[in-house]
Trainee: 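Pasting a structure here, questions to come.
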Amino acid sequence: MKSALFISLIVLSAVPCLAQSLFSDDPPTDISTDYAFVQSLFPHPAGSDNERVLILFIEERLKDLNVSFQTRDFSQAQTGHSFSRIIEAVIPGQTDEILMIAVPLNHRLDATKEEDGAFGIALLLSLIAHFLDDPPPLTLQFVFLGGEYSPDENQFLGTSYYLASSYPVERQAVLYLLLERFPARLRIMSGGRGIVSPLWLLNALMDSLQASGLPWFIQENRQQIFRTGLVTAATPVAAYLKEGYPAIGIASADPTGESFTGDRAVAFQNAIIRLVESTKDGLPATWDTHYILLPLPNRPVAVPETVYVVVLIALGVMLITFAALRMKMTRKYLTTVRKNFWNIPFFFAASFLLFAAASYVLDGLLAISNIPSLWTTLPLVFFALKVSLFLCLSALLYRLGYRLPFSKNGSFYTAAALFFILLCIVVFAFLNLSFIYYFLWSLLCIFLFSLFRLKRLKVLFFLLSPVAIIAILLNLFLIPELKFCDIVLFNLSLIHI
């Protein structure tokens, strides 16, 4: 026992000497050298000997670059404890406004060597060296966040402690680099539970990545899930947004990255440089969080709230004008709805009960299989099964109720469909404007269905009307966003309504 303790003390006392001999006499090197060295320290979880070497390496590099920095431990942390450290380096800019660029100092406890976050650390050091030679338009704060990974993956202790102990006077924005591996593609992290990144920052990052020629994507529909709060896992970006910082993040997208190449590393660095240069006019004080992202082949288009509202008002005016010009058809629909309005509550309740029955069937299948979490590995299969059950039960109910005195007037069902789509739009206008556009496609198809007399066109528009909503649901089940999937599959709530 004593000999083991003695050996441990020798190893720990040698760490500073090792770091000094490795780093202090050498001038700063390029990103590939830093990347290789940080990878050689794997594993370096919080509080480990390898992490101490990594911290000394970063500190010595910053000293060689003559950069102002400070290192702090977690002794004053109120939300948890870690033996790690947080290193903050500052490069003054032409204004006192701050762009913070943060990267985790550690890696997940179950990470492989390719997922050690070495590239993010090397990239940050390379950016520091670059902006020393080319002063930025605003002050840059580079933060190596220790303690981000713990047994509770949603904790982000380093972020929590930084936010609790920092009190910036000037306006500050945040870019979080979650580059666990050298990425083949980048994924934009633009929000978290109940909150999204401001539009100006999202546009700036998308422009920078696009101009650098890097492969990237953003999950447009997940942006809407952020707004609902139905997010399975927390994101580090959300913590900054909730504290009032305009924040956004970049993450490695694919399970397997690609081999490190100097050209690709330079492209990543240039993307961040372009983002910094885009702030030359200062950080905007206004936030637009009700924008929508329209998926297009080249890149998504962000529609600002003001444009979105103008389009909605214009559509409303067009519908009212059309109804006034086609008063005969409008009266026909209003008359048939008034006469058969009692049908609507029945169909409404029947649909809800059929969805509920399908949910109970899924619950029964899980009970029989004795694997309650089976649906989490096959969410799309369970979704397809629920929809199939609903359609089968609906067909059976139709056969049983065909002779009952329900309306046989086709105009009534067209008018009822228009009524419900408009009702959905009005309800979601009060909840969140950004959700309305999901129903606009259905509204357009039902509207065209009512105009054309040709049966083939009516069938076409009938089949097209649910396409947009189905596509969104499929996308969320393919991600998969399990909290949302759980509500759709099993929760007898307003989601069925």
Side-chain angles (χ1 to χ4, degrees), residues 34 38 44 46 51 54-55 58-59 61-62 67-74 77 79 82 84-91 93 97-108 116-128 130-131 136 138-150 153-168 170-180 183 186-192 197 201 204-205 208 234-252 268-269 271-273 275-276 279 283:
D34 290 341
V38 177
H44 50 88
E51 189 208 35
L54 177 58
I55 291 172
I58 295 172
E59 290 176 336
R61 178 55 52 80
L62 296 176
V67 177
S68 173
F69 74 94
Q70 64 171 332
T71 304
R72 45 177 160 160
D73 58 25
F74 286 78
T79 57
S82 174
S84 188
R85 299 286 188 273
I86 294 177
I87 305 174
E88 302 173 44
V90 177
I91 297 180
E97 291 184 328
I98 299 169
L99 175 63
M100 169 186 165
I101 306 177
V103 66
L105 187 63
N106 314 114
H107 51 72
R108 291 182 289 106
D116 64 347
F119 177 63
I121 295 171
L123 178 61
L124 216 59
L125 290 171
S126 180
L127 288 168
I128 292 171
H130 170 83
F131 284 111
L138 77 174
T139 298
L140 295 180
Q141 183 179 29
F142 300 92
V143 183
F144 301 85
L145 290 166
E148 284 289 81
Y149 295 102
S150 63
E153 292 187 0
N154 292 339
Q155 189 175 8
F156 298 113
L157 180 59
T159 287
S160 299
Y161 181 48
Y162 171 84
L163 290 171
S165 58
S166 299
Y167 308 96
E170 301 295 334
R171 190 175 294 123
Q172 178 173 340
V174 177
L175 173 65
Y176 194 102
L177 304 178
L178 190 61
L179 303 175
E180 294 182 331
L186 294 170
R187 174 174 57 86
I188 294 179
M189 300 185 296
S190 56
S197 302
L201 186 54
L205 181 57
S208 300
T235 65
V237 170
Y240 296 96
L241 290 169
K242 288 178 180 178
E243 290 297 324
Y245 296 89
I248 202 163
I250 305 174
S252 307
F268 284 124
Q269 178 173 304
I272 308 301
I273 293 171
L275 177 63
V276 173
T279 63
L283 301 177

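Computed over heavy atoms, backbone and side chain alike; hydrogens, waters and symmetry mates excluded.
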Trainee: Restricting to side-chain contact (heavy atoms from CB on, under 4.5 Å), what partner residues turn up for R187, sequence neighbours left out?
Mentor: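 In terms of side-chain contact (heavy atoms from CB on, under 4.5 Å), with neighbours along the sequence ignored, R187 is linked to M189, F217, Q219, R222, A251, A253.
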Trainee: With rounding to the nearest 0.5 angstrom, report the CD1 to CZ distance, I272 to F131.
Mentor: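 One finds 8.5 Å between CD1 of I272 and CZ of F131.
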Trainee: Sequence neighbours excluded, which residues qualify as side chain to side chain donor-acceptor pair (under 3.5 Å) partners of T159?
Mentor: E148, Y240
Trainee: With sequence neighbours left out, write down each residue that passes side-chain contact (heavy atoms from CB on, under 4.5 Å) with T71, or none if nothing qualifies.
Mentor: E59, F69, R85, I87
Trainee: Donor-acceptor pair, Y149 side chain versus G146 backbone, under 3.5 Å?
Mentor: no
Trainee: For a quick test of your reading: what N or O donor-acceptor pairs under 3.5 Å do the side chains of residues 242-250 make, sequence neighbours left out?
Mentor:
residue, atom, partner, partner atom, Å
K242, NZ, R193, O, 3.3

Trainee: Quick one: CG on L124 to CZ on F119, what's the gap to the nearest 0.5 Å?
Mentor: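 Output value for this atom pair is 11.0 Å.
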Trainee: Check I121, L186, L123 against L177 for a side-chain contact (heavy atoms from CB on, under 4.5 Å) and give me the one that passes.
Mentor: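 Exactly one pass, corresponding to L123.
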Trainee: Nearest heavy-atom pair of L145 and A102: which atoms, and what distance?
Mentor: CD1-CB, 3.8 Å
Trainee: Which heavy atom of S252 sits nearest a heavy atom of L179, and at what distance?
Mentor: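 Taking every non-hydrogen atom into account, OG-CA, 3.4 Å.
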Trainee: Which pair of non-hydrogen atoms, one from G147 and one from L157, has the smallest distance, and what is that distance?
Mentor: O-CB, 3.2 Å
Trainee: With sequence neighbours excluded, tell me which residues meet side-chain contact (heavy atoms from CB on, under 4.5 Å) with A122.
Mentor: I31, D34, Y35
Trainee: Search all heavy atoms of S208 against all heavy atoms of A271 and return the closest pair with its distance.
Mentor: CB-O, 3.4 Å
Trainee: Evaluate the side-chain contact (heavy atoms from CB on, under 4.5 Å) criterion for residues S165 and R72: first the C-alpha distance (whole Å), next the side-chain angles of each, then the deciding distance (0.1 Å), finally the verdict.
Mentor: CA-CA 10 Å; S165 58; R72 45 177 160 160; 2.3 Å; yes
Trainee: side-chain contact (heavy atoms from CB on, under 4.5 Å) with S84: which residues, sequence neighbours excluded?
Mentor: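 Counting only residues at least two positions away or on another chain, S84 forms a side-chain contact (heavy atoms from CB on, under 4.5 Å) with A46, E51, F74, S82, L105, N106.
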Trainee: With rounding to the nearest 0.5 angstrom, report the CZ to CD distance, R108 to E180.
Mentor: 4.5 Å
Trainee: side-chain contact (heavy atoms from CB on, under 4.5 Å), that's the test. Do S197 and L241 meet it? Break it down for me.
Mentor: CA-CA 7 Å; S197 302; L241 290 169; 4.1 Å; yes
Trainee: Do Q141 and E88 pass the side-chain contact (heavy atoms from CB on, under 4.5 Å) test, and can you show the C-alpha distance, the side-chain angles, and the key distance before you say yes or no?
Mentor: CA-CA 7 Å; Q141 183 179 29; E88 302 173 44; 3.0 Å; yes
Trainee: Return the CD1 to CZ distance between I101 and F144, rounded to the nearest 0.5 Å.
Mentor: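 Spacing of CD1 (I101) from CZ (F144) equals 10.5 Å.
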Trainee: Quick one: closest heavy-atom pair of L99 and L138, and the distance?
Mentor: N-CD1, 3.9 Å
Trainee: With rounding to the nearest 0.5 angstrom, report the CG to CG distance, L283 to L201.
Mentor: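 Rounded to the nearest 0.5 Å, the CG-CG separation comes to 8.5 Å.
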Trainee: Indicate the atoms forming the closest heavy-atom contact of I128 with L62, along with that distance.
Mentor: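 Where I128 meets L62 most closely, the heavy atoms are CD1-CD2, 3.7 Å.
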Trainee: Are any non-hydrogen side-chain atoms of L178 and P104 less than 4.5 angstrom apart?
Mentor: yes
